[in-house]
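Worksheet: the structure to be examined is printed underneath.
Positions are given from 1, in the same order as the sequence printed here.
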Amino acid sequence: MSSDLSSQIRTNLRNQGIPTPSLAWIQSALPNRNPLPPLPALVATVKTRLLAADLTNPALFEHPAPALPPNLSNPEVKETKLTQDIPVQVLDIDNLAKSKWEQVEELEAIARGEQTRGREIIRLPTGNEGDEEEDGGVGSSSAPPPATQGRNAAINANIANAAAAAKSATHRLVLQDCKGQKVHGLELRRIEKFGIGTLSIGEKILLKRGAVVARGVVLLEPATCVVLGGKVEAWHRAWTDGRLARLREAVGADARG
């Protein structure tokens with residue numbers, strides 16, 4: 001019965017365009033409850049755990065596992081195409097539209113509680129404005145003071161500017177398949193979910209059959225690159241916490257070079 005249930009779950013995942021894990025892994029991912037939840041809930045649970053898993057887990061896929069061809073990252077190969085759909089996970093993402101120094105300045109400003117609008121530095125709200133109003137005897141139902149309104153408008157404008165800039169950005173990714181092979185991916189055409197802060201480390205991407213690999217780099221475009229979602233929490237936290245230090249090191253290396 002459990003094998004039949006695992007097969008049903010795998011069929012449902014396949015119908016959703018999700019890479020299909022092994023029956024044994026599906027069985028291990030099922031909740032330890034009796035009776036089990038309905039099938040749709042089980043499919044959702046297994047999907048969530050799959051997208052949060054490390055693809056290099058040898059028990060995750062049946063053999064032969066859906067992996068990138070060997071030596072795919074060889075820069076001497078002018079162009080080739082993938083012959084099957086390959087699931088990969090994101091290990092790194094870089095915004096090529098911004099220099100490393102610009103990204104350092106942005107992160108340092110955020111750490112100080114600041115953002116920018118053009119060349120103007122805007123101090124973000126600290127959350128103490130309400131206390132100041134109470135001290136001044138202003139009722140809690142009164143409208144925010146002009147300074148707070150202006151600050152909020154500036155923040156909203158900054159968010160809008162950042163979103164507009166993201167739409168024109170080009171990103172480079174480091175991708176890894178189930179065998180641990182790594183390859184760079186370059187955003188050839190804009191993919192909506194690509195962006196620092198929107199794409200997570202460990203997030204799963206399906207490289208579709210026919211995806212072009214040029215000089216060892218996968219050319220990413222909406223027709224052949226499907227963002228499936230997910231995140232490996234520990235990887236994402238470590239990447240986020242260490243990003244400023246990595247950028248500073250890269251800036252220093254460029255200066256020394």
Side-chain angles (χ1 to χ4, degrees), residues 1-70 72 81-93 173-183 185 187 191-195 197-211 213 218 220-240:
M1 179 65 182
S2 61
S3 176
D4 182 57
L5 179 59
S6 297
S7 296
Q8 292 181 58
I9 293 172
R10 187 158 69 169
T11 299
N12 274 268
L13 292 174
R14 184 183 297 115
N15 291 341
Q16 294 180 34
I18 303 297
T20 51
S22 67
L23 294 176
W25 187 89
I26 291 175
Q27 184 64 34
S28 70
L30 292 176
N32 187 19
R33 290 172 53 185
N34 191 14
L36 286 170
L39 181 61
L42 291 175
V43 172
T45 296
V46 172
K47 177 182 175 180
T48 298
R49 293 181 178 178
L50 173 62
L51 296 180
D54 180 357
L55 291 185
T56 62
N57 179 350
L60 190 57
F61 296 110
E62 306 280 5
H63 296 287
L68 295 167
L72 186 72
K81 293 184 178 181
L82 297 182
T83 58
Q84 62 174 328
D85 295 352
I86 306 292
V88 293
Q89 55 195 4
V90 178
L91 296 186
D92 194 18
I93 178 171
L173 281 62
V174 177
L175 304 170
Q176 183 184 48
D177 71 358
C178 62
K179 290 187 176 180
Q181 300 178 105
K182 298 176 185 177
V183 66
E187 187 180 21
I191 297 175
E192 189 65 29
K193 293 184 180 179
F194 278 15
T198 58
L199 193 69
S200 300
I201 304 304
E203 191 153 353
K204 307 304 183 286
I205 289 175
L206 188 66
L207 301 177
K208 302 285 288 183
R209 176 182 177 182
V213 183
V218 183
L220 305 173
E221 49 187 324
T224 53
C225 175
V226 180
V227 180
L228 301 175
K231 178 199 314 187
V232 178
E233 190 64 48
W235 297 359
H236 186 77
R237 190 183 309 114
W239 183 89
T240 302

*Specify the closest pair of heavy atoms between Ala53 and Val232, including all atoms of both residues, with the distance to one decimal.*
O-CG2, 3.9 Å
*When rounded to the nearest 0.5 angstrom, what is the spacing between CZ in Arg14 and OG1 in Thr20?*
5.0 Å
*What's the spacing between Lys204 NZ and Lys231 NZ if we round to 0.5 Å?*
11.5 Å
*Looking at side-chain heavy atoms only, is the closest gap between Val90 and Ser200 below 4.5 Å?*
no
_Any side-chain heavy-atom pair of Ser7 and Ile26 under 4.5 Å_ = no
*Check Ser6 against Gln27 and note the closest heavy-atom contact, atom names and distance.*
OG-OE1, 3.2 Å
*side chain to side chain contact (heavy atoms under 4.5 Å, CB included) between Leu55 and Phe61: does it pass, once the steps are laid out?*
CA-CA 9 Å; Leu55 291 185; Phe61 296 110; 4.1 Å; yes
*Hey, could you give me the CG/CG distance between Leu207 and Asp85, rounded to the nearest 0.5 Å?*
9.0 Å
*asked:* When you measure from the side chain of Asp177 to the backbone of Leu68, do you find a donor-acceptor pair of N or O atoms at a distance under 3.5 Å?
replied: yes
*What's the shortest heavy-atom distance between Ala67 and Gln181, and which atoms?*
CB-NE2, 4.2 Å
*Look up atom OG1 in Thr56 and atom NZ in Lys179, then write down how far apart they are to the nearest 0.5 Å.*
13.0 Å
*Heavy-atom closest pair, residues Trp239 and Ile93*: CZ2-O, 3.6 Å
*Can you find a heavy atom in the side chain of Ile205 that is under 4.5 Å from one in the side chain of Leu173?*
yes
*asked:* So Glu62 and Leu23, do their side chains get closer than 4.5 Å, heavy atoms only?
replied: yes
*Taking all heavy atoms of Glu203 and all of Val227, pick out the closest pair and write down the distance.*
OE2-CG1, 3.3 Å
*Please examine the side chains of Val46 and Arg49, heavy atoms only from C-beta on, and report whether any two atoms are closer than 4.5 Å.*
no
*Starting at CD of Gln89, measure out to NZ of Lys182 and round the result to the nearest 0.5 Å.*
10.0 Å
*Without swapping roles, check the side chain of Lys193 against the backbone of Leu228 for a donor-acceptor pair under 3.5 Å.*
no
_Would you say that Pro19 contacts Leu13 through its side chain, given a criterion of any heavy-atom pair below 4.5 Å between the two side chains?_
no
_Reported CG-to-CG distance for the pair Leu72 and Leu175, which is rounded to 0.5 angstrom_ = 10.5 Å
*Below 4.5 Å, heavy atoms only, C-beta onward: do Cys225 and Ile191 meet side chain to side chain?*
yes
_Is any side-chain heavy atom of Ile86 closer than 4.5 Å to one of Gln84?_
yes
_Any donor-acceptor pair under 3.5 Å linking the side-chain atoms of Gln16 with those of Asn12?_
no
_Under 3.5 Å: donor-acceptor pair, side chain of Ser22, backbone of Trp25_ = yes
*Does the side chain to side chain contact (heavy atoms under 4.5 Å, CB included) test come out yes or no for Leu30 and Leu42, once each step is laid out?*
CA-CA 7 Å; Leu30 292 176; Leu42 291 175; 4.1 Å; yes
